[in-house]
Every structure is written in C-alpha cells, then in structure tokens.
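Below: one structure, written as structure tokens.
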Amino acid sequence: MIELPPQKYSPKNVEEKILQFWEENDIFKKQIDQRKGCTPYIFLEGPPTANGMPHPGHILTRVMKDLFTRYQAMNGHYVERKAGWDTHGLPVEIEVEKKLGLKDKQDVEKYGIKKFNDECKKSVFKYENAWVELTCRIGFWVDMDNPYITLKNDYIESVWWSLKQAWDKKLLYKGHKVVPYCPRCGTALSAHEIAQGYKIVDDPSIFVKFKLKDEYAYFLAWTTTPWTLISNVALAVHPDQTYIKIRLNGDVMILAEERASVLLKGEEYELLDGFSGKELEGTEYEPLFDFAKPEKKAWYVVLADFVTMEDGTGIVHMAPAFGEDDYNVGKKYDLPVVQLVKLDGTFPDEVTPWKGQFVKDADPSIIKHLEKRGLLEGIHKHTHEYPFCWRCDSPLLYYAMESWFIAMTKVQDSLVRNNNNINWYPEYLQQGRFGDFIREVKDWALSRKRYWGTPLPIWTCSDKTCKHQICVGSVEELRNLSESFPDNYDLHKPFVDEIVVKCPKCKSQMKREEEVIDCWYDSGSAFFAQWHYPFENQDKFKDNFPVDFICEALDQTRGWFYSLLAISTFLFDDRPYKNVLTLGLVLDENNQKMSKSKRNYVDPIIVLDHEGADSLRWYLISANAPWMSTRFFEQAVKDTLGKFILTFWNSYNFFTTYASIDKFDCKKDTIPIAKRQLLDKWILSRYNKVISNVRKHIEVFEIHKAARLVENFVIEDFSNWYLRRSRKRLWVEEKTEDKLAGYSTMYEIFLGLSKILAPLIPFITEEIYLNLRADDMPESVHLCDYLHSDDKQIDDELESGMEKIRDLVEVGRALRSKIGIKVKYPLSNATLVCDKKIEDSIKDLLDLLNEEINVKKISFERDTSNFMTKTVKPNHSKLGPKYKAKAKGIVNAIEELDSHQLYGDLTKTKKITVSVDGEDIVLTMDDFQIVESEKSHIARTETEDAVLLFDTTLTPDLEAEGFAREIVRRIQSMRKELDLDVEDRITVGINIDSEKKNALQKWQDYIQGETRSKELSFIDRPSGKLVKKWKIDELEVEIGINK
RNA sequence: GGGCCUGUAGCUUAGGUUGGUUGGAGCACCCGGCUGAUAACCGGGAGGCCAAGAGUUCAAAUCUCUUCAGGCCCA
C-alpha cells in the first residue's frame, strides 16, 4: 500500500529515520550475509588515523568506498567490509607532546615512556566517536565493530612475522640515512616538521682548491657548508658536462666550461685542456684535512647526475655523512662515511683546531685556515633557504644516522612486474607518478628512533665478541627465547624491552634494537595482518588475496599504495590489489588546500544537518571525475539538493499523491506493457538504456558519468517530460486503464531508480523503496539485486520520434511566444511539412505536440508552397548604377504599387512601366528582388527536419475556449490559496461582463470538470470563503468559491 | 629545484584520444509564458580573447613548446 509521504522533504528527518531502520533491522549485516557463498568482492579499508577530526576529504574517500562496495554487494557478491584504524606513528606522538608540553625526546624519556605511550594510545581514540558518528551519518557501511587495529598484539605479531620473512631473505639490513637533525633537541625531524621551519639566511659560499694527486693542478669546488669539508671524501662532476683546465693567475685549475664562462667573465685565462666529466672519473686528489683515517678508498672524482650548472663550479664536494645525495653517491662508489661531527653538533677531539666548537660557528675559522694555506679561491655571501628546528630554532644539520632498511632495490624487477598487473584508475598513474617512483625505488628506511610504534623485533647479543642478531617472527618465538615472559604481555615499548632474552649462541643477554618501525609499514601490512595471518585465518587470507579494490586519495600514491605493494612483493611476490581507485583532493571554495590552521573548510556535520548525506554524496559523486580535485563548499551541496534530490523527491511525491488516492496496487493494477501508451513505452526505453549505461560506467569507476546520466534522465526525460505529459492522465477520476498504465510505469521506474541509485544515495532510495515495496520483496532496497536492463524494451525508433516531437514543441512554443498568442488560447490548425519518413516516425506521437502547443488539428504536407507567397521589392544595387539620380524616384513609385500584384504582373508580362517625373521607365525582373514570405495568418518555424506552420486566425470560439482556461487557472489558484485537497469539491460564483458570459457558458462543463466544481453560477455578487477580483486581458472578473 | 595532474561564462561543467559548421549544457541573472509537482516547469535574452604567449597547419579549446596560477608527491 503506497502511502502519502511528507510533502516537504527534510533530509535530516528522512535520513535519521532510515539510519534507525537499518540499525533495528540489521540491514548492513543482512546485505553481507545473504551473499554468503557467492563470489566475493574483496575490499580493503585504508585505515584512517583517528587522532584528528574527519574533514571533507575523508568524506569523499568514504563515500566512494561505500558506493562501489554497495554496488558489488547488490550485484550478487559477498562483500565484507572490515574497518581499520591506523594507530601508530609520529603524528600521534607530536599531538601528545603538544598536549603534555614535552619539547623533545629527552622530555619524553624524563616523562616516562610507559606513561607517554599510554597517552598515545588514549589519544588515538580521542576522535573515534566523531569518526564513527560521521561514518554512520554519511551512510558508509563498514564493520566498525570488528576493525583491525594496528596497535593490537595480534596485528603486531603479524607484522613481526613479515619482518622476519624479510630478514630471512636477507632484505633487512642496517645502514645510514641522512636526516635533518636538530643537534640541540638531539632528534631527527620528519619532513613534515622541517617544512614549517625554513628560513632565508645568508651563508658563506666558498670556492676551494683541491690539489690533484699526480699533477700540479687544482679542482675548483664550491660549498655553502664549510664545516662539512672536514669530512670530505670525494668530488663529484656531471658525467655529460665539459670540464676545462685553465691557467688563471698562475694557478692551474679545473672546472666546468659552462661555469667558467659565467664565473670568469671578463677575466683573462689560458685554456690548457678540456675533457668530459666521464673522463675525470677516478682522478685522485689530496685531502684537504688529515683528521679522518678512512678504512675505504677515498678522495677521488665520482660522477653524479645531480651536479648542476646553475651555481658553483660544476664540481661538488662530497660528504656522505651530511647530505642525502652525497650519501647515495657514496653508497654507489663504496665511499667511507666520514662523520667528524658529534651528535651535539660539535667537532670531536680528533678535529684538533676546532674541537668542541659548534660546527656552524666554526665556519669563519675554517675559511681563514684554508685561506692561509692558499686553498681559497673566493668567498661570497649566498642567500638561500635553510631549515631550522621548529621547536628550538636551532639550524638543522643533515646527518647520517644509523637506520634499518628493507632492500627494496633488490626486488625492484618484481615491483615493476606486479605494478604492471594492477588496474589503475586513472590509468596514467600506473606508469606515471607511481611507475616513476618504482623505477627509481630506494631502500625503505624502516626504523624510527621513537616510542609509539611497532617495535623492531631485532635483538642483538650484548657480548662484544658474539654480537649475534635474531629477528623474532612471533610471540611464541620470543617466549621461547626469554626466561620470564609475562602472561599479560604488551608488545609495545617499554614492556618489550623489559623481556629478558638470552642469546641462543653464547647465552649472554640480548638487547633489542631500540627503534620502532615506520607506521606506513603497519598499514601496508593490513592485507594479511588484519587476519592475524599466518597465526590464524590462513584460509581466510588465501581467499582474500589479492584484494579486488582499494580506494584512497592521491596523496596515498607513494604512501599506502606503495607500502602495500612493497610488502606484498617481497612476501608473496604478487600484487596485493587488483584495482586501485585514486581520488582527487578536496579543496576549498577558492581551490586552496584545506588546512586545519586556516580553518578554510566547512564542518561536514553542518552540511549533513542542512542538506543531508544524500545531497552531499551526490555532489561529491557527480561534480567531477573521482580522480579530479573537487572544490567543496556548502552552496554547491545546496544546489545539488535543489537541482537533483528535490526534483527526484517532488516527482516521487507527485506520483504517490495520486497513487495513494487511487490505492494503486502493484500486484492487481499493473497493466501489461503492450497495452500502455507510447509515452510509457518511450520512458521505459530510455530507462532501460540508462540502466545499461550506468552499469558500464560503474564498472570502470567513471561514477560521475553514471550519476550525470541518471540525473539527466530523472530531470529531463522522466520529470520534465514524461510526468508533465502524464499529469492529465492522472486527473481523471475513474481508474481508467490508461491511468493505471501510467501508474504501472511510474511505479516500475521509481522502484527501479531506488535500486539503481541505492549505492549512491542510500537514504532517499530506501525511503522510496520502503513505501513502494510489496510484501514479497526484500525488506530493504539494499537487499535487492542491482538491475539489469531489459533490452527488449529499448526502441530506438520511438526514441528518435519522441526526440523530433520534443524539438517541435520547443520551436512551437518559441513561435507562440514570438507571435504573442498565449498557449492558453488554442489555434485551429497547424501544418507539418516534412518527408514521409519523419511523418511516420512522429505521427503516433502527435497528440503530445497538439497539447503542448495547444493546436486543434495538425496535418502533414510535403512542401510549403501553399503557405508561402512571393513578392518583389526593388533591387537597389541594380537600380542605382543603372538610373543614378532617378533611382530614388523609381523606388518610391514601386512602393506605391501592390507588391503581390507586382509579382504576378512581372511573371506574366515580364516587364512593368512606372512613371517618374513624367517619364515612363520600363523595369524587368532583373530590377527586383524576389522575397518569399508567409501568407497572412500564417506563422512559420522549423526544426532540423520539419517546418511547422501555424494558422494564427483566432475565431470567437477559440477565444472563448482560451478565456475558459483563464477562468480555470484563476479558480485553481484560489483553491490552492484555500489549501484545499485535490479531491475537495467546490461551488463557484462568477460575475462577468454579459458578452463574455454567453461565450463562457458553452464551456461551463469544462470549467466545472477541471476545477472539481459541483456548481457554477454566473451571478452579480459572488460570495463564499474566498472572493477575488481578477483582471483578465483588461476585463474585470470576480470569482467566489466555497467548499 | 624535479616529476605528475589541473585551468573552458559569476558558479558547476561537456567537448580534448581522432584538429574541421557559429564551443554545448545546468545553476544564478533579466524579459515573457505556464502551472493542483511550487525550492518545480516552458520560451527568449544577456554572459566566453577555451589561463597567457609562441609554434605546427588551409584550419587549434583540441597537437607542440614556453610562461602564469592551483594542487599532489619528491627534493
């Protein structure tokens, strides 16, 4: 039984009601469970960090994840949706440090690692409620009762297992990583931290001479960090640049040709030799200082692509301990890492002249020293950006810290192969940003010298000679190695470090490497660690690997998308996911990135309260391709509500208003399609076409196209044409077959739309479905099967005929507007001039055209000649040159004549004579232009394939009919003013000029029928509940109505 | 600094692969009409150096290069 829904659509009320319905009836669980045993569609949730409030970007991700999983579930797949939480990492620690007022790592250790980590754990779930609420409110169906959480012992154990795999494959090793380091705070800073501490500073930049070992010549190098010269081990040149040897001021020097032309502009020098960078490779030079006694070979020329010709000399001094580029080159050439700076930023004792001095403060003294030795060629001031500690404002040093790595470079080929086996949406990321990243993959710096994270499970024997190392791969293994393993264990710091582990080789005590691991490794392990694989759920894992679908924003490309692939590749040598949808970023109204500090975004909750989740979802889905960035602001969602959601609702409301009055029963009252009107068949054809195309778009994640297609169908085809054209059918009071045919069609389409749109806008579709469903249908739209199109109902010819009719309506209305005869006033005749084919395609649909443009009769013709008339007018460009001064007189004379007659005469006699100033002039057809125009009372317009002609003669009968419609319109608006129900009957009294009254009387039945009046009288003083005076075309009318 | 993506009317956008009539829509605006779906509907109008510049071509929103602006990632 279809019920009358609320007239006014309140998103909040409807959505709250539906949320309650889902919860009370466990619909989400039923959607999953009813597909048990079906082909699974495996989704993996990229875990959000719940230590900050969700913002519009998170909403987009969650909406997209939701709609594709809902779609697959309705499509007959078993779609589990396990939620996940990312809980470790530096952002969490920073948040807690701020809260507790801790400034650096020393502060943390003073505070106590146990207490600190407790705070971290608490902080992680600080915003959990907000996340859960928002997730629920936007209708994202994900199982938040059984999430995977990266801080759980089981999860950590799975991560440990995977690290042990890496260890066994000899992929886990200890090396150096150059990081920005604050010597005062004694800590490395993350990229995110240094980004907020750049300042523009003046540093000395110096040109230093390095003497070649076997030759009296110098390499001229350039540096802005003189203090790193102490730890110099090599010089780098660009392999493809040209270097020259010159004599300048008595010295022989080598530098890049391109730089020489800039640096030595105007100076005189003698060119001695030239070579490519490549040829210089391996050339040895004498060290500037002898403080370092490196074990490996040092002090020779190496090649590096990053050497620029923008500044300097084209020869770069290399100190692998203090620069990432330097370090990487050093690794390639196996250079020693000379690190003559202590962790507090001062020089060690072996650097005798400057020992104990802060390195940057020693710069001037080092420069002086070089100058004294004659090794300084020049000194400049260099203005550049330099990072400072955001906490204590000390200048940061780049510093090679010991770190654990996973040797991704060793599995690079597999990475590339597995990546090529993934479907990327959009495709260009596969070989673009992501492919580039993988082709230049570096070893993964895994360890973090922090507290809140998965501890690195590597223990080293403390015996100086033994130094045995073990990577622990399970809790069981750790328990067996330790003497006292607690029952109630926690694998985090500091507990894990309190476990006493004995070396299996020498029985000495072992000590865990103090680091925790990169939290990206945690989340990248989700595809197996969420199942506690391999300790549990081995089958479950096998069934769920690789996953079908992951979806995150663009910034995850080198984050989670990479960490999943990296781990999956070295563990299983396979892709972890088959399809990856990358979403564009959500920006603010001015295309600026949303940031917490600028507060330039709307709180999603406000939008949800005002416009509702469906409008919000529809906006995000339809505004743009998923991978394009989308601007987000409340007005945009408001527009979406008005444009689509309300149109959809109003259409539905229109249908239910009538269907509920008539108690339409979808079981008993459905009319077979064959017996329905062409209009019904047409909308069903359009509808089925839409279904089939929507499916095609969704399959390739072009959800915006699917959404726009449906939107266009609902607004243009269904609401603005089909329903508008069907209104009259529903106004008849009896339950005619035609009315039921209309209901049947509308019912089918609303029910269908609720299913098609259910994954996209799950609330309003549920609301509609629940009202329309019959008892034998599933209890929720989300438990239905997604629709397949019925191609038998697609009729291209009918669609093309309707297209032509709609074109004709358009031009017909425009023409009416142009000739100034209102649509209320019927015209007696219209003619369509077109060919037979067109006529055939539209002749059965002509009633629609009749009604839309209000014409009594439409007939067909093959050409327009009966409606056109030819006249002539003087051809000025011919007459002018020929008759010069007389031309004006001739034109005047012609205009005196009747132009129709003139044309007739000209065609008959070929010439006419006019008299100008007493002179007879003979004119021929050549002197005229033929003009074709409509005969009087004919108006003409055309479409691409037809001409439409109106007979504009208004007879008194036609005028009376039009006037009757004017009256009806006034009464209707008065009914509405009284807020009457559609079925209410009224009595009407009209006071009107007697001449019009006579004309109107013929239309009395019509007026009464249209306005549901049981009585209509023409009286002088109308009375009733509402009495109004109207002015219709200068004529005063007074109408009174009563219920 | 490097790589990648994006830029079309006040706003949201189609078209761009495959160069080819006058660059289409919708919202908002103005005028007119219609209306028992009323935050709707119909007709008309106004609004575009297709970010800027250069090149290729008979022809460029479309292809190429440069610049500018915004974004993401990496330095």
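- A:Tyr722 places its OH atom 15 Å from the C1' atom of B:A37, with the value rounded to the nearest Å.
- Contact annotation: side chain of A:Arg724 to base of B:C42, donor-acceptor pair absent below 3.5 Å.
- For the ring pair (Phe, Tyr, Trp, His ring centres under 6.0 Å) test with A:Phe750, the passing option among A:Tyr722, A:Phe655, A:Trp649 is A:Phe655; the others fail.
- With P as the reference atom, B:G47 and B:C58 are 34 Å apart, rounded to whole Å.
- A distance of 6.0 Å or more separates the ring centres of A:Tyr743 and A:Tyr747.
- Nucleotide B:U56 is matched to nothing when pairs are restricted to Watson-Crick or G-U wobble geometry with both distances under 3.5 angstrom.
- Atoms CD (A:Glu810) and P (B:G33) sit 19 Å apart, rounded to a whole Å.
- Taking the C1' atoms as reference points, B:G10 lies 25 Å from B:C42, given to the whole Å.
- For B:G43, neither phosphate oxygen OP1 nor OP2 lies less than 4.0 angstrom from any side-chain nitrogen or oxygen of A:Lys818.
- Of the candidates B:G33, B:A37, B:A39, the closest approach to any side-chain atom of A:Val823 belongs to B:G33.
- The pairing partner recorded for B:C68 is B:G7, the criterion being a Watson-Crick or G-U wobble arrangement whose two distances lie under 3.5 angstrom.
- Distance, A:Lys442 NZ to B:G2 P: 16 Å, rounded to whole Å.
- At least one donor-acceptor pair under 3.5 Å links the side chain of A:Asp614 to the backbone N or O of A:Ile764.
- Spacing of P atoms, B:A46 relative to B:G3, comes out at 46 Å, to the nearest Å.
- Residue contacts for A:Tyr652: at a heavy-atom cut-off of 4.0 Å it reaches no nucleic acid atom on any strand shown.
- Base pairing of B:U22 is not made with any nucleotide, judged by Watson-Crick or G-U wobble geometry with both donor-acceptor distances under 3.5 Å.
- Comparing A:Asp555 and A:Thr630 by the nucleotide of RNA chain B that holds the closest heavy atom to each, the one mapping nearer the 5' end is A:Thr630.
- For B:A37, the OP1/OP2 oxygens have a side-chain nitrogen or oxygen of A:Arg727 closer than 4.0 Å.
- Put simply, A:Arg433 has no side-chain N or O that comes within less than 4.0 Å of OP1 or OP2 on B:C5.
- Nucleic acid contact for A:Ser651: base, since at least one base atom lies under 4.0 Å from a heavy atom of the residue.
- Here, B:G45 and B:C72 have their P atoms 42 Å apart, quoted to the whole Å.
- We find that CG of A:Leu723 is positioned 18 Å from P of B:U35, with the value rounded to whole Å.
- If you check every strand for non-hydrogen atoms under 4.0 Å, A:Ala636 touches nothing.
- Looking at heavy-atom distances under 4.0 Å, A:Leu815 makes no contact with the nucleic acid at all.
- You'll find that the side chain of A:Arg965 is closest to B:U35, out of B:U35, B:A39, B:C72.
- A ring-centre distance under 6.0 Å is not found for A:Tyr652 and A:Phe648.
- B:A59 and B:G19 have their C1' atoms separated by 8 Å, with the value rounded to a whole Å.
- The side chain of A:Asn720 places an N or O atom within less than 4.0 Å of a non-bridging phosphate oxygen (OP1 or OP2) of B:C42.
- Among the nucleotides B:A37, B:G43, B:U38, the one closest to any side-chain atom of A:Arg813 is B:G43.
- Counting non-hydrogen atoms of neighbouring residues, nucleotides and ligands closer than 6.0 angstrom, the CD atom of A:Glu851 exceeds 12 such neighbours.
- Each of A:Lys638 and A:Lys643 was assigned the nucleotide of RNA chain B with the nearest heavy atom; the assignment lying further toward the 5' end belongs to A:Lys643.
- Distances were taken from every side-chain heavy atom of A:Asn650 (C-beta onward) to each of B:C34, B:G3, B:U38; the shortest belongs to B:U38.
- Contact check, A:Asn624 against B:U13: a side-chain N or O comes under 4.0 Å of OP1 or OP2.
- One can find a donor-acceptor pair under 3.5 Å joining the base of B:A37 and the side-chain atoms of A:Ser719.
- Put simply, the residue from A:Leu958, A:Ile821, A:Val823 that forms a side chain to side chain contact (heavy atoms under 4.5 Å, CB included) with A:Asn854 is A:Val823.
- Atom CZ of A:Phe561 is separated from atom C1' of B:C72 by 13 Å (rounded to the nearest Å).
- Across all strands shown, A:Phe644 has no heavy atoms under 4.0 Å from either base or sugar-phosphate atoms.
- Comparing B:U6, B:A39, B:C72 by their nearest atom to the side chain of A:Leu646 picks out B:A39.
- In this structure, A:Glu324 places its CD atom 14 Å from C1' of B:G1, rounding to the nearest Å.
- Pairing for B:U17 is absent, with no Watson-Crick or G-U wobble pair whose two atom distances lie under 3.5 Å.
- A:Asp662 places no side-chain N or O within donor-acceptor distance of the main-chain N or O of A:Phe664, the cut-off being under 3.5 Å.
- Listed candidates were B:A39, B:C34, B:G43. Nearest to the side chain of A:Ser817 is B:G43.
- Counting only heavy atoms from C-beta on, A:Phe633 has its side chain closest to B:C11 among B:C11, B:U13, B:C5.
- Spacing between B:A9 and B:U66 at atom C1', rounded to whole Å, works out to 27 Å.
- Each of A:Trp424, A:Phe561, A:Trp560 was checked for a ring pair (Phe, Tyr, Trp, His ring centres under 6.0 Å) with A:Phe434, and the lone residue meeting it is A:Trp424.
- Straight-line distance between the C1' atoms of B:U64 and B:G43: roughly 45 Å, to the nearest whole Å.
- Among the atoms of the strands shown, base atoms are found under 4.0 Å from some heavy atom of A:Leu980.
- The distance from atom CZ of A:Phe718 to atom P of B:A40 is 19 Å, rounded to the nearest whole Å.
- Distance, A:Phe632 CZ to B:G70 P: 23 Å, rounded to whole Å.
- The backbone N or O of A:Gly46 sits less than 3.5 Å from a side-chain atom of A:Glu552, completing a donor-acceptor pair.
- Distances were taken from every side-chain heavy atom of A:Leu585 (C-beta onward) to each of B:U35, B:C72, B:U13; the shortest belongs to B:C72.
- Here the separation of B:G53 from B:C68, taken at their C1' atoms, is 10 Å to the nearest Å.
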